[in-house]
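Reading through the structure tokens given below for one structure.
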Amino acid sequence: GVMDRLGVGYDVLKGINPSLVYVAVTGYGQTGPYASRAGHDLNFTALSGTLAQTGHTDAEPVMPGVQVADIAGGTLFGAVGLLSALLARQTTGEGQFLDVSMTEGSVAMNVLTLGRHLAGEAPVTRGTDQLNGGVACYQVYETADGKYLSFAPVEPKFFQAFCHAVERPEWIPRQYGQEQELKSDLADLFRTKTREEWETLFQQHDVCCEPVLELDEVVNHPQHQARQLFFELKQAPDEPGIPQMRLPFVDPETMQSVTPAPRLGEHTQSVLLELGWTDSEVEALLKSGAIAGA
């Protein structure tokens, strides 16, 4: 309601430009009893069912390590909706108002478990489903050095390859149906080697087992290094580079031509001149302090 009170809501602006695409991202959406309610990502994930899906069986829900509702529910769905509306405008010539709820975006993240429930199955609870901790072959296990491995050979061919790699072929028939016993046996096994030792072994076997990296390890991981996920951007030739991460869909070669962010007022004069202001008018604004120049 703030934009409407300021006189720049969608209805007003649509009257000026009918092709306008207007995106409003809020916690709960523009309607309903929670429309004006305050909240943060933790509240949105709680109302979406996402929080209840995270954690161990018979234990309290665990906060996700990233802001699911803020980033996926708001930013990504807002961007996808915006692009869809722009595409539709090419056909219809009309814009539209997009009411994006971060809570509803988080609900959409439950597509697998919620879809099954809507189809008639009992609700999935945390730690009981195949992909949230219910099976031994989709788990996080601790290694001898107190680090962790992600273990996900859910398909029989990968689990079989794992069992042969660790010389436990007798475990192959136990992949499903003996969850607690197999979890215990796997936990004991993974504690016999360090994470690095397991990584070395699994480099020779494709078994869906990867290290749980801390953030400082992510930057230097060979996969990310090979794909040039991280790079440095210099604000000026004589200044140290600022570490950056490229967008997942951007080609690494493109990042070599990325320019630094403009300094305060760097483009003010050129933009105003392009919009039709005269040199003398721009100079007067600069002298008055109304605008900043480079």
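The basis for the numbers below is simple: all heavy atoms, side chains too, and nothing from hydrogens, waters or symmetry mates.
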>> Given Thr128, which partner from the list Asp58, Thr57, Val135 fulfils the side-chain contact (heavy atoms from CB on, under 4.5 Å) test?
In response: Thr57
>> Does any part of the side chain of Pro156, heavy atoms only, come nearer than 4.5 Å to the side chain of Gln175, both counted from C-beta?
In response: yes
> Of all residues at least two apart in sequence or in a different chain, which pass the side chain to side chain donor-acceptor pair (under 3.5 Å) check with Thr192?
Replying inline: none
> Less than 4.5 Å apart, any side-chain heavy atom of Tyr176 and any of Gln130?
Replying inline: yes
>> Just to verify, what does Glu239 make a salt bridge (charged side-chain N to carboxylate O under 4.0 Å, His left out) with, not counting sequence neighbours?
In response: Arg263
> Which pairs count as ring-ring contact (aromatic ring centres under 6.0 Å, His included) when at least one residue sits in residues 76-103, sequence neighbours excluded?
Replying inline: Tyr10-Phe97, Tyr22-Phe97
> Which ILVMFWY residues are connected to Phe202, directly or by a chain of links, through side-chain heavy atoms under 4.5 Å apart?
Replying inline: Tyr141, Leu149, Phe151, Phe159, Phe162, Val166, Trp171, Leu182, Leu186, Leu189, Phe190, Trp198, Leu201, Val207
> Quick one: are Met102 and Asp70 in side-chain contact, heavy atoms under 4.5 Å?
Replying inline: yes
>> Which residues pass the salt bridge (charged side-chain N to carboxylate O under 4.0 Å, His left out) test with Arg174, not counting sequence neighbours?
In response: Asp185
>> Around atom NZ of Lys183, are there more than 12 heavy atoms from other residues, nucleotides or ligands closer than 6.0 Å?
In response: yes
>> Does anything in residues 220-264 form a ring-ring contact (aromatic ring centres under 6.0 Å, His included)? List the pairs, not counting sequence neighbours.
In response: His221-His224
>> Could you report the tightest heavy-atom contact between Gly293 and Gln269, atom names first, then the distance?
In response: CA-OE1, 4.3 Å
> Side chains of Gln53 and Thr50: closer than 4.5 Å at any heavy-atom pair?
Replying inline: no
